[in-house]
Number of protein chains: 2
Amino acid sequence: MLTSISERLQDRFDSLTRAERQLVAVITENYPVSGLGSITSLAEKAQVSTPTVARLVQKIGFKGFPEFQAQLRSELEATISGPIAKHDTWAEAVPDSHILNQFTEAVMSNIKTSIGQINTETFDQCCALLADNKRAVYVVGGRITRAMADYFFLHMQVIRPGITHIQAISNAWPHYLLNIERGDVVVIFDVRRYENSTLKLAELAAAKGAEIILVTDQWISPVSRYTKRVFASKITVPSAWDSSVTTLLLLETIIAQVQQATWPETRARMQELEAMFDDTKFFRKFT
Amino acid sequence: MLTSISERLQDRFDSLTRAERQLVAVITENYPVSGLGSITSLAEKAQVSTPTVARLVQKIGFKGFPEFQAQLRSELEATISGPIAKHDTWAEAVPDSHILNQFTEAVMSNIKTSIGQINTETFDQCCALLADNKRAVYVVGGRITRAMADYFFLHMQVIRPGITHIQAISNAWPHYLLNIERGDVVVIFDVRRYENSTLKLAELAAAKGAEIILVTDQWISPVSRYTKRVFASKITVPSAWDSSVTTLLLLETIIAQVQQATWPETRARMQELEAMFDDTKFFRKFT
DNA sequence: TCCTATTTGTAAAAAACTCTTCAAATACTT
DNA sequence: AAGTATTTGAAGAGTTTTTTACAAATAGGA
């Protein structure tokens with residue numbers, strides 16, 4: 001296996017010349033950042049000439065400076081990224097090339113990117129809106145996002161009263177709009193291909209003074225023109241389809257947060273539900 | 001004080017254009033290493049043109065790409081001299097203690113554990129079964145898993161004919177059973193609290209000689225007594241609720257794999273669907 | 001539907017960088 | 001101390017990278 005650059009430099013240090021040692025000292029001192037600039041700047045910092053640098057990297061086995069730098073970058077990547085990116089933990093059981101691995105890696109990366117970009121203030125504000133029982137909540141899903149909207153609705157329904165699921169795709173949605181009042185919350189799901197009916201619905205809801213929360217993809221649905229509360233998830237994966245995993249993660253986090261905020265009031269609802277399950281014997285006893 | 005590049009990018013994210021957002025996603029994903037190569041390689045990775053990169057860095061206040069890179073290096077220097085481990089991408093923007101972080105970390109860990117435990121042979125076999133058009137496929141969801149079953153159904157419906165969604169909770173399911181034949185595939189979703197009707201349905205389906213695929217949680221539904229094809233996901237998170245993220249990831253991977261396996265036959269179906277969308281103008285043009 | 005504004009990429013010019021050549025400087029040997 | 005071998009940097013050739021100018025494509029509005 002290829003050894004790291006700093007190792008190679010250390011190994012050959014004895015056989016190097018004065019100018020080269022000077023150079024190695026500079027590279028090692030602030031490793032590996034100092035090697036990431038231009039060959040010129042590195043030479044200047046070490047007070048040697050550029051040919052000296054070029055010769056050194058060739059000496060330790062690279063075709064040229066750019067190749068040396070590329071290696072440096074890839075080492076850096078390995079250093080910086082945590083165990084997740086390196087898939088050390090789970091790659092062992094599954095061959096790298098298997099789709100399970102490829103897919104999981106892509107999803108992990110999507111999650112990291114998307115969650116990192118979320119503004120926590122926006123997040124907290126949205127949760128506060130959803131936890132406010134005085135505001136009615138409407139959940140709007142489209143063709144693709146139907147399942148996500150349904151999942152969100154299902155949980156929120158247990159947590160709080162006054163929640164309604166609107167299928168933006170159906171003909172019935174204008175009727176729901178009649179009930180929307182100023183201050184109500186409308187959670188809109190819209191990913192590519194963005195749906196015209198959803199956009200129209202958003203426009204009307206905004207006109208009625210509703211607070212709109214938009215859950216969308218990295219390309220951002222045009223619904224965003226009616227609200228500042230936007231959650232954009234990265235959804236591209238090695239598949240003919242887009243991934244909803246990041247979106248689901250976001251939803252579950254929102255659910256957890258709202259649940260926590262409303263716990264005192266929700267507690268009773270939850271217990272009632274539990275009791276109902278026990279009575280009906282609809283479910284098996286929790287194992 | 002000068003703000004960091006990733007901050008600058010995220011601050012202005014809303015006001016950026018499509019190509020620029022693509023670019024930001026790539027930069028952020030493997031930050032900051034991806035920005036340390038040439039402008040050309042960065043542009044290629046993000047699938048945008050080099051001028052787009054040049055324009056973006058100017059937009060966020062640099063004279064040119066080299067200056068941008070210099071700043072990136074100096075940030076890196078500051079980061080590296082400190083604890084490297086702290087550098088997780090999402091940890092920068094989100095305080096450690098925030099629920100977004102706790103939740104994401106828990107989910108990541110669930111994913112790692114669950115995907116690692118999957119037997120690739122079982123996985124491949126299941127995909128092969130689902131890709132076989134000669135077998136009818138039935139998808140069975142319960143109360144909690146309804147949304148997951150629906151999501152799976154929605155995608156499979158596009159990929160292949162002969163797929164049916166059964167709500168195990170409804171009264172209608174015995175009728176569906178009549179149609180099940182030897183060799184048909186029944187995909188059953190069952191997480192705690194395991195539902196009696198689902199178990200009964202599995203028993204009957206097994207008696208008719210159906211191939212059962214079970215998607216369940218870490219405690220494994222009793223349906224497992226009727227099949228060896230079991231996918232168990234870890235679903236515990238810091239919440240009053242269980243997480244479905246890992247399950248969804250599994251489903252999407254199966255969808256991707258089946259899609260790939262049946263591509264030649266599916267291609268036509270997909271194109272027809274696309275054409276329909278274009279005709280109906282139901283959706284907006286993909287941005 | 002057409003028109004305007006914006007966005008995006010192509011292509012070529014400008015700039016920067018990398019590498020090679022060669023001669024001067026240095027170190028080493030006899 | 002002189003000769004030889006090695007090391008080093010200046011300079012420029014050749015390459016790549018960055019930037020700019022402009023035209024095509026796209027989106028949004030009338």
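- One atom, CG of B:Leu23, and another, P of C:dT7, lie 15 Å apart when rounded to the nearest Å.
- Residue B:Leu56 contributes atom CG, which lies 13 Å from atom P of C:dT7 at whole-angstrom precision.
- A donor-acceptor pair is defined here as one N or O able to donate and one able to accept, closer than 3.5 Å; no such pair exists between the side chain of B:Lys63 and the backbone of B:Gln58.
- Whole-Å rounding puts the A:Arg21 CZ to C:dA27 C1' distance at 14 Å.
- Residue B:Thr17 places at least one side-chain N or O under 4.0 Å from the OP1 or OP2 atom of C:dT8.
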Annotated protein contacts, base or backbone, on nucleotides 13-21 of chain C with a non-hydrogen cut-off under 4.0 Å, one of B, S, - each: ----SSBB-
If you apply the rule salt bridge (Lys or Arg N to Asp or Glu O under 4.0 Å), what do you find for B:Lys59 with B:Glu20, and how did you get there? CA-CA 10 Å; B:Lys59 241 185 192 173; B:Glu20 287 169 340; 2.9 Å; yes
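- Across the protein-nucleic acid pair, B:Glu44 atom CD and D:dT17 atom C1' stand 12 Å apart, rounded to whole Å.
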Working for side chain to side chain contact (heavy atoms under 4.5 Å, CB included), residues A:Phe231 and A:Cys126: CA-CA 10 Å; A:Phe231 295 106; A:Cys126 289; 3.7 Å; yes
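- Listed for the B:Thr52 side chain is no donor-acceptor partner under 3.5 Å among the backbone atoms of B:Val48.
- Regarding B:Leu36, its CG atom lies at a distance of 15 Å from the P atom of D:dT17, rounded to whole Å.
- Under a 3.5 Å cut-off, the side chain of A:Arg146 and the backbone N or O of A:Gln167 do not form any donor-acceptor pair.
- One can place CG of A:Leu16 at 10 Å from P of D:dT7, the figure rounded to the nearest angstrom.
- Distance A:Gln47 CD to D:dG9 C1': 14 Å, rounded to the nearest Å.
- The pair A:Arg229-A:Glu211 meets the salt-bridge criterion, with a side-chain N (NZ, NE, NH1 or NH2) lying under 4.0 Å from an Asp/Glu carboxylate O.
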